[in-house]
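Read through the structure below, which is laid out as structure tokens, and then see the notes.
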Amino acid sequence: MTEDFEPRVVGFLCNWCSYAGADLAGTSRIQYPPNIRVIRVMCSGSVDSMYVNRAILEGADAVLIGGCHLGDCHYLNGNYKARRRMVLLKNILTTLGMEPERIWVRWISASEGQRFADTVKEIVDETKKLGPNPMRARWDV
Amino acid sequence: MSDKGIIGAVAVVGGGIAGVQSSLDLADMGFKVYLIEKGPSIGGIMAQLDKTFPTNDCSMCILSPKLVDASRHPNIEIMSLSEVTGVSGEPGNFKVSVHKKARYVDIEKCTSCGECERVCPIKLPNEFEGGLSMRKAAYKAYPQAIPNAFVIDKEGSPGYKGCINCMACVKACKPGAVNHDQKHEDIELDVGAVILAMGAQPFDPSVKREFGYGRYRNVVTSLEFERILSASGPYQGHIKRPGDGAGPKRIAWVQCVGSRDRTVDHEYCSAMCCMYTAKEAVIAKEHEKTIEPTIFYIDVRSYGKDFDRYIERAKVEHGIRYVRSRISEIDELKENGDLLIRYEDENGDLHEETYDMVVLSIGLCMNEGRTKALRDLGLDVNEYGFALSHQKDPVALVRPGIFMAGSFMEPQAIPEAVMQASAAAASAAALLREARGTLATPRKEYPERDVSTEDPRIGIFVCHCGINIGNQVDVPSVVEYARGLKNVVYADENMYTCSEDTQKKIASVIKENRLNRVIVAACTPRTHEPLFKKSLSEAGLNPHLLEMTNIREHCSWVHSDKGLATDKARDLISMTVAKSRMLESIPVLKVDVTQKALVIGGGAAGMVAALSLSDQGYETLLVEKKDRLGGRLNDLRFTVEGIEPADMLKDLIGRIEMNPNLKVMTGSTLMDLSGYVGNYEATIETPDGPVKEKVGAIIITVGADEHVPTTFGYGSDPRIVTQSRMEEDLSKTPPGGISDGETFVFLQCVESRQEGREYCSRTCCMGALKNAIRIKDINPHAEVYILYRDLMTYGFWERFYKKAREQGVVFLQYVPERMPSVKLGDRILVKVNDPLMGEDIPIQADHLVLSSGMVPDPGNDHLAKMLKVPLNQDGFFLEAHVKLRPVDFSTRGVFLAGSCHLPKFLGEAIYQAQAAAARAATILANSTLEAEPNIAVVDEDLCSGCKTCISLCPYTAIDSVIEVKDGFEVVHARVNEGLCQGCGTCVAACPSGAISQRGFKDDQILAMIKALSTCSPGGGE
Ligand code: FES
């Protein structure tokens, strides 16, 4: 792990809350680290475990799944399903010897621009402590 | 025309944001609209603004899609350079005479290339830029102007000649669009209704000689300063002072110039200046950190949603200095053009300070021309020259069939104008309901090119968004990078990709390069995607072959390091390209619409919304949880604006009972809701048990309640009451019921505008004034004190502030750091700190009235969850966009009005309710609706028939079907396309990978993830 390790974060954000929250961080000009690359999905419930696995395999140092607060999902309960799926996935990753801490599930509403920015900052800080994704270390030269 | 001779067309006069909104709503409901604008282009003052408060959205960015929409709408005919000269006839059947001036340019032929402007030898001051730069006689007001065509100015402006007929432009114009022989025309339009939205006039401060405007070059108006801030403005967004082009450091804003001012006969408040002043100071500081803004003010009227927080941030985070003061004079220092301001502060001390530049925060006013136009139409004007209307139905004018909206009615900010515009549309639609659709032109269907067999040919449009993106992201290098990506055959940059110009460009680029995928790298798809999708359709591409990359909200606005932001923009584009390669056309599906509405909450807003909808011809259900209608109207005893609340309530209930389209359910609540826009199923708990109702649209009007105070001894002493209790007591007090010298103290902002409840309830200052005036009416010798922080008598409410002062009500200001104290005894001892003397003033009171403001209904949380719509941090419902979509939610089909949006006055709740009804009607007017495109599809060969998806689907949109294939019985899942809402839950859960979601297919998302591996890491290694 080097001093200036800059984690690469992938964010799957649901269109209705978290993506809108990220938009609000923008309109409010709340600054946060540029390490995150956002992929917009309609609902956190549509985030397949495979997406997260693939992101880790492709060298992402952390993955954020952002959805509406529990009970607020635009499609009733997609975020409950996402939560269940991610808990399972974390268990599997642990079994495989990967750090489950690389997977973040956060509920961020459309009015929480600050929370989105804080979340990104927190992920980047924590991931820096964790060091680069070992998968990436193996792939990169 | 209908059988009864009603004409299904409306003349909307004035092409500012209000006129445009009215036009769009009416056109979407199926009416023909003539949008009549005096100038060469629509957009009004909003087009000149740099940013809008409180979100700091770029004004042009949010306005431009609306303008483009208006220009493309088949039911809207834009008549520029046109003025109404007369209206005759009667409601439902008017003749409107229009004088249309020659443009000398054929709009159809003009390609907006600008050659005419280049060769034109004549220069005049550019009025769009506030005269800070020059324009030619052949010109276009601004790049995104609609109609998107040049104009030749033959009239000139004071002191400047216009076109000299040199004919250079005729030679230069390749398409032959310039025609100097064009003649003015007089046209007569047949319409059923008229909406006046001509706006108001920015105050000309040169009449206030003490401020030096027009004499000192470094004194500018706030509107001119908007242009100075704008990237497309006279100084390209660099803050300079006009006198010598130097960068100013110390800038002063002077508020209330031409407002709240008896000397110019404008004894009203212009309602938006406090906020735009804070915004200009904040943005100036963002442009140039070294700038030190000072704001000279009387009151800070931050009475809107999130305004208080904005002002707090301006003070605390941006370090903007606020000085409560009165300015006596501004002088120019001859040697360097600096300005010396002399002012008296709140302690009465005199000061002199020097500034590099002074901005005068000007208000709005009527001018003789407008006032005369009103009189010519047979309309009465008020003491300020504005049209007279009544709070009972604020957008209706005395002459039936004529409505109004926007600052033409009263100076105000954008959201109010937009609401009134929709409200006027609703009222016109109700009047003309029988003729709806009779003059409408259906939207053109464009033949779609089949691209399924073509290799991807991707075109990328990267937006500068003025300086919003361009300042933080190196756009040219991003374009260069994009050109190098596989399958990208075109990439270019645009100043504003959302302008109509660029829409035409996108269409021609698609054709020339045979593009079959388009990427717009600009702002968030959540606002602008529909605009660009339409452009694809018009160019013969399936709209779903568009992808947007958000390099503004998610990049340039949140990362200050230009290198890193540019890296990120590149990565985001490369990910989008990866997805774009895999995109497919998505067929358009239609679903039926239940043309019936549900209104939740039977207060004034709910009753008016329900009446408006049913008057427009839609079946409507009004649900109220209490056992009678009326909400807070039941508690309202009297008003200052001449409404008798009891009469009004009786009148509304009478109209509701007589309306065959309207069904009321009292003592009832919404228990459960399923379905989606156009097709909701609501379960309503009624006293007779639950009933199920199908509706197509829903309006929330659940109101708000008076906050019950917990401080200042409330509850411990009957002499301490709230505003509403005082009102009730006063309504029962007979003449002589108050003795001489009986003392009333009103304490404002109790437990409001402070931590925990950081918002202003907007109505309490007027509430106190109303009661104070009533007390003085009952006995002029009673003593009344109002202890306030900022007196929020915005707009024409200011007149009651004046009236109360004249009646001898004493106003004492306090600051929140030194709250007044209360001690109970024989009388109530209230001590308030007087900044003038620096000591406490004791008042012996007989009554203490607490203005505690309004709180949201505790049930909002539950309702919001059921309807899948958001609340803001204070617990009020959060609309889709605070400026331009004030009654919509992001969730299609659900709308809001009244105090559940934010506390407001009766008149405001009424027009907002009508606005919500108009917006709901734009959905209910159609028998079908385009279904959600991003639905799930099952690959039947891969499906194992495990039925996992069926149990997970929140909309029961998936069935299992048994089919015989090759002699075998197979079970597989099938998606009901009308029911699927596109959440993608089934996709993620399918163990066989047999389900995919259109627009978000696995291979598309995985391609984006894969593209990541080549991305730069966040910090750039
Ligand atoms: S839509 Fe946000 S989590 Fe489902």
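Below, chains carry the letters A, B, ... as their sequence lines are ordered, and counting in each starts from 1. Please read these numbers as outputs of a predicted model, since none were measured by experiment.
- A/Arg29 places a side-chain N or O within donor-acceptor distance of the main-chain N or O of B/Asn56, the cut-off being under 3.5 Å.
- Chain A forms more heavy-atom pairs under 4.5 Å with one residue of B/Pro525, B/Ala565, B/Cys986, B/Pro54 than with any other, namely B/Pro525.
- Contact of B/Lys51 with chain A is made through the side chain alone, with heavy-atom distances under 4.5 Å.
- Heavy atoms closer than 4.5 Å to chain B are found nowhere in A/Ala117, neither backbone nor side chain.
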(request) Carefully, step by step, assess A/Tyr19 and B/Thr524 under the rule side chain to side chain contact (heavy atoms under 4.5 Å, CB included). (result) CA-CA 9 Å; A/Tyr19 194 93; B/Thr524 173; 3.5 Å; yes
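- Within the 4.5 angstrom heavy-atom criterion, only backbone atoms of A/Cys73 (N, CA, C, O) approach chain B.
- Across all non-hydrogen atoms, the minimal contact from B/Ala988 to A/Gly45 is CB-O, 3.4 Å.
- In terms of modelled atom types and a separation under 3.5 Å, the side chain of B/Lys568 and the main chain of A/Ile36 share a donor-acceptor contact.
- Below 30°, between 30° and 60°, or above 60°: for A/Tyr32 and B/His559 the angle between ring planes is above 60°, a perpendicular geometry.
- How far OG1 of A/Thr27 is from CD1 of B/Ile62: 10.5 Å, rounded to the nearest 0.5 Å.
- The shortest distance between side-chain heavy atoms of B/Ile1005 and A/Val41 falls below 4.5 Å.
- Contact tally against chain A (heavy-atom pairs below 4.5 Å) for B/Arg552, B/Arg313, B/Lys579, B/Gln981: the top residue is B/Gln981.
- Listed here is the closest heavy atom pair of A/Ile39 and B/Met575: CG1-CE, 3.6 Å.
- With sequence neighbours left out, B/Cys983 forms a side chain to side chain contact (heavy atoms under 4.5 Å, CB included) with A/Cys43, A/Tyr75, B/Pro954, B/Thr985.
- A/Tyr51 has its side chain within reach of B/Asp1002: a pair of non-hydrogen atoms, C-beta onward, lies under 4.5 Å apart.
- Of all residues in residues 866-875 of chain B, those placing a non-hydrogen atom less than 4.5 angstrom from a non-hydrogen atom of chain A are B/Lys868, B/Leu871.
- Within 6.0 Å of atom NZ in A/Lys90, more than 12 heavy atoms from other residues, nucleotides or ligands are found, so the atom counts as buried in its surroundings.
- Using a cut-off of 4.0 Å between Lys/Arg side-chain N and Asp/Glu carboxylate O, A/Arg40 and B/Glu553 are scored as not salt-bridged.
- Comparing B/Ser560, B/Cys555, B/Ser556 by heavy-atom pairs within less than 4.5 Å of chain A, the highest count is held by B/Ser560.
- Between chain B and the options A/His74, A/Arg54, A/His69, the largest number of non-hydrogen pairs under 4.5 Å is found for A/His74.
- A donor-acceptor contact shorter than 3.5 Å is absent between the side chain of A/Glu58 and the backbone of B/Leu1006.
- A/Asp23 and B/Arg526 make their closest contact through OD2-CD, 3.4 Å (heavy atoms, listed as atom of the first residue, atom of the second, distance).
- Contact annotation: the side chain of B/Asn550 never approaches that of A/Val38 to less than 4.5 Å [non-hydrogen atoms, C-beta and beyond].
- Chain B forms more heavy-atom pairs under 4.5 Å with one residue of A/Asn15, A/Val47, A/Val9 than with any other, namely A/Asn15.
- Distance check, rounded to the nearest 0.5 Å: CG of B/Asp571 to CZ of A/Arg8 gives 8.5 Å.
- When each of B/Leu878, B/Val987, B/Thr891 is checked for heavy-atom pairs under 4.5 Å with chain A, B/Thr891 comes out on top.
- With a 4.5 Å cut-off on non-hydrogen atoms, B/Ala989 touches chain A through its backbone and its side chain both.
- Under the 4.5 Å side-chain criterion, counting only non-hydrogen atoms from C-beta, B/Ile1009 is in contact with A/Phe12.
- Across every non-hydrogen atom of B/Lys865 and A/Leu70, the tightest pair is CE-O, 3.9 Å.
- The shortest heavy-atom contact between A/Ala22 and B/His554 is CB-NE2, 3.3 Å.
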